Novice: 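A single structure is presented below for examination.
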Amino acid sequence: METQMSRKRDGQINIVLQHQTRSQSESKSQLHFTENSPFKHIDLEFSSFVAMNKLKQTIKEIYATIVINQKRKEVGLACTKQVLHMLFKGNPGTGKTTVARKLAKIYFDMNLLSKGHFIEAERADLVGEYIGQTAQKTRALIQKAMGGILFIDEAYSLARGGEKDFGKEAIDTLVKHMEDNHNDFVLILAGYPYEMERFLTLNPGLQSRFPFILDFKDYEVDQLMDIARQMASEREYELTKEAERELRSHLLKKTQETTRNFSNARYVRNIIEHGIRMHAVRLLCKDNYVTEDLIKLTGQDLQVNHHYNQR
């Protein structure tokens with residue numbers, strides 16, 4: 001029996017977007033591709049991410065431009081600095097925050113950012129309670145993020161108070177500094193697709209400041225199953241065939257529901273973590289168990305047809 005225990009990686013890993021281990025033949029094909037590609041380091045960085053082909057292509061374009069710009073500089077041709085501000089549109093659990101964190105590291109490795117740190121902010125971090133405070137708070141946050149990435153989730157909340165709200169002042173301050181400090185500062189705004197579309201209309205110069213607007217699509221059932229297997233693997237567990245069948249059936253029902261509250265990979269993570277707790281309770285009540293019992297998560301452990309259908 002081949003287990004996933006040997007596949008654990010060192011360091012902290014955000015498991016929301018980890019991809020299922022490929023079949024042996026597919027892995028060989030992918031390895032051959034990356035070894036002979038100028039983008040092999042990018043392929044490796046994103047090898048564990050499910051889907052997101054547009055994102056991966058965008059990063060390759062940015063990297064290619066850096067390399068060719070350097071070649072142009074060596075022969076005396078003009079080089080232009082790339083503006084890397086981004087806007088992410090997607091529902092919860094589609095990986096927006098995880099990707100933003102990864103980009104901070106990659107941009108640092110590419111020498112696009114001097115520090116490569118990541119700062120996550122929300123409305124309260126930018127908007128003040130009285131006149132003049134908002135611009136001051138926003139400028140201070142931008143200064144703190146210099147050399148790295150400032151990530152603002154649910155960015156449309158900055159405009160929820162209308163014309164007289166100080167959130168508009170925060171937006172105006174961000175727009176100004178996006179242009180002034182783009183050489184060593186990346187701003188990423190994120191949120192629900194529809195709300196982000198409306199948000200872009202609030203400031204005439206806002207949309208033009210974001211050369212990269214990426215849609216984070218909801219995961220399909222096959223992709224959610226890949227994520228579930230990988231989440232289990234990272235914890236050195238495996239799903240039994242029965243558990244996989246029950247989970248697939250449950251996810252198919254959930255993705256077909258017309259609810260906005262489905263949290264994609266985050267929902268799957270909750271199922272796996274609950275299953276691990278129930279697995280522990282089940283084994284503790286047994287007199288004897290072997291190593292394989294410590295690894296296998298069963299349908300009884302996941303309880304998707306009972307625990308999650310009650311919500």
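Nothing here was measured: the structure is a model prediction, and the numbers come from that model.
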Novice: Would you give the length of the straight line joining atom CD1 of Ile149 to atom CD1 of Ile188, rounded to the nearest 0.5 angstrom?
Specialist: 4.0 Å
Novice: Report the C-alpha separation of Lys105 and Asp109 in whole Å, then their side-chain angles, then the decisive distance to 0.1 Å, and conclude whether the salt bridge (Lys or Arg N to Asp or Glu O under 4.0 Å) test is met.
Specialist: CA-CA 6 Å; Lys105 176 187 181 301; Asp109 292 341; 2.9 Å; yes
Novice: Between His250 and Leu302, is any pair of side-chain heavy atoms under 4.5 Å apart?
Specialist: no
Novice: Does any part of the side chain of Ile272, heavy atoms only, come nearer than 4.5 Å to the side chain of Tyr237, both counted from C-beta?
Specialist: no
Novice: Should the heavy atoms of other residues, nucleotides or ligands under 6.0 Å from CD of Glu220 be counted, would the total exceed 12?
Specialist: no
Novice: Assess whether a salt bridge exists between Asp43 and Lys56, defined as any Lys/Arg side-chain N lying under 4.0 Å from an Asp/Glu carboxylate O.
Specialist: no
Novice: What's the shortest heavy-atom distance between Pro92 and Arg266, and which atoms?
Specialist: CB-NH1, 3.8 Å
Novice: Hey, is CD on Gln143 packed in by over 12 heavy atoms from elsewhere, all under 6.0 Å?
Specialist: no
Novice: Could you go through Phe108 and Lys115, starting from their C-alpha distance and side-chain angles, then the distance that decides it, and tell me whether this counts as side-chain contact (heavy atoms from CB on, under 4.5 Å)?
Specialist: CA-CA 6 Å; Phe108 175 75; Lys115 298 178 182 177; 5.6 Å; no
Novice: As a test of understanding, state which of Glu234, Glu244, Glu238 forms a side chain to side chain donor-acceptor pair (under 3.5 Å) with Arg229.
Specialist: Glu244
Novice: Can you see which heavy atom on Ala100 is nearest to which on Phe118, and at what distance?
Specialist: CB-CE1, 3.4 Å
Novice: Side chains of His85 and Phe185, heavy atoms from C-beta outward: is any pair under 4.5 Å?
Specialist: yes
Novice: Is there a path from Leu87 to Val175 through hydrophobic residues (I, L, V, M, F, W, Y) whose side chains come within less than 4.5 Å of each other?
Specialist: yes
Novice: Report the distance from atom CD of Glu246 to atom CG of Leu239, rounding to the nearest 0.5 Å.
Specialist: 11.0 Å
Novice: Does one side chain, of Asp184 or Ser114, offer a donor that lies under 3.5 Å from an acceptor on the other?
Specialist: yes
Novice: How far apart are the C-alpha atoms of Leu103 and Val186, what are their side-chain angles, what is the distance that settles it, and do they pass the side-chain contact (heavy atoms from CB on, under 4.5 Å) test?
Specialist: CA-CA 10 Å; Leu103 289 178; Val186 174; over 6 Å; no
Novice: May I ask you to test the Arg101-Glu120 pair for a side-chain heavy-atom distance under 4.5 Å?
Specialist: yes
Novice: Between Arg235 (side chain) and Met231 (backbone), is there a donor-acceptor pair under 3.5 Å?
Specialist: yes
Novice: Do Ile66 and Gln82 pass the side-chain contact (heavy atoms from CB on, under 4.5 Å) test, and can you show the C-alpha distance, the side-chain angles, and the key distance before you say yes or no?
Specialist: CA-CA 8 Å; Ile66 294 169; Gln82 296 187 80; 3.6 Å; yes
Novice: Identify whether Ile59 and Val83 are in the same connected component of the hydrophobic contact network (ILVMFWY, side-chain heavy atoms under 4.5 Å).
Specialist: no
Novice: Could you grab the distance from atom CG of Leu174 to atom CZ of Arg139, nearest 0.5 Å is fine?
Specialist: 11.5 Å
Novice: Has Lys241 got more than 12 heavy atoms of other residues, nucleotides or ligands less than 6.0 Å from its NZ?
Specialist: no
Novice: Check this for me: does any side-chain nitrogen of one of Asp215 and Lys54 sit under 4.0 Å from a carboxylate oxygen of the other?
Specialist: no
Novice: Taking atom CE of Met146 and atom CG of Leu113, what is their separation to the nearest 0.5 Å?
Specialist: 9.5 Å
Novice: Taking Leu297 as the starting point, is it possible to reach Tyr289 by hopping between hydrophobic residues whose side chains are less than 4.5 Å apart?
Specialist: no
Novice: Using a 3.5 Å distance criterion without hydrogens, assess whether the side chain of His274 forms a donor-acceptor pair with backbone atoms of Gln303.
Specialist: no
Novice: Between His279 and Asp293 (side chain of the first, backbone of the second, donor and acceptor by atom type, cut-off under 3.5 Å), is there such a pair?
Specialist: yes
Novice: Atom NZ of Lys81 and atom CG of Asn69: how far apart are they, to the nearest 0.5 Å?
Specialist: 9.5 Å
Novice: Would you indicate whether the side-chain heavy atoms of Asp226 and Tyr219 approach each other to under 4.5 Å?
Specialist: no
Novice: State yes or no: do Leu150 and Leu206 share one hydrophobic cluster built from I, L, V, M, F, W and Y residues joined by side-chain heavy-atom distances below 4.5 Å, directly or via other members?
Specialist: yes
Novice: Starting from the C-alpha separation in whole Å, work towards a yes-or-no answer on salt bridge (Lys or Arg N to Asp or Glu O under 4.0 Å) for Asp153 and Lys96.
Specialist: CA-CA 9 Å; Asp153 200 6; Lys96 300 184 294 294; 5.1 Å; no
Novice: Is there a donor-acceptor pair closer than 3.5 Å between any side-chain N or O of Glu45 and the backbone N or O of Ile106?
Specialist: no
Novice: Looking at every heavy atom in both Ala265 and Leu224, which two are closest together, and how far apart are they?
Specialist: N-CD2, 4.0 Å
Novice: With a sphere of 6.0 Å drawn around CD of Gln207, does it hold more than 12 non-hydrogen atoms of other residues, nucleotides or ligands?
Specialist: no
Novice: Parallel, tilted or perpendicular: which fits the ring planes of Phe39 and Tyr63, with parallel below 30° and perpendicular above 60°?
Specialist: perpendicular
Novice: Measuring from Lys137:NZ to Ile142:CD1, what's the distance to the nearest 0.5 Å?
Specialist: 13.5 Å
Novice: Is a side-chain donor or acceptor of Asp125 paired with a backbone partner of Glu122 at a separation under 3.5 angstrom?
Specialist: yes
Novice: Of the non-hydrogen atoms in Leu126 and Ala170, which two are nearest, and what is the gap between them?
Specialist: CB-CB, 4.2 Å
Novice: Under the criterion side-chain contact (heavy atoms from CB on, under 4.5 Å), I'd like the reasoning laid out for Gln223 against Val268: C-alpha separation, chi angles, the key distance, then a yes or no.
Specialist: CA-CA 11 Å; Gln223 294 169 336; Val268 173; over 6 Å; no
Novice: Are Phe46 and Val67 in one and the same hydrophobic cluster, where Ile, Leu, Val, Met, Phe, Trp and Tyr link if side-chain heavy atoms are under 4.5 Å apart?
Specialist: yes
Novice: Any heavy-atom pair between the side chains of Ile42 and Met110 that's under 4.5 Å?
Specialist: yes
Novice: Just say parallel, tilted or perpendicular for the rings of Phe216 and Phe88, cut-offs at 30° and 60°.
Specialist: tilted
Novice: If you look at every heavy atom in Thr94 and Lys217, which pair is closest and at what distance?
Specialist: CG2-O, 3.5 Å
Novice: Could you tell me which non-hydrogen atom of Val99 sits nearest to which non-hydrogen atom of Met52, and how far apart they are?
Specialist: CG2-SD, 3.5 Å
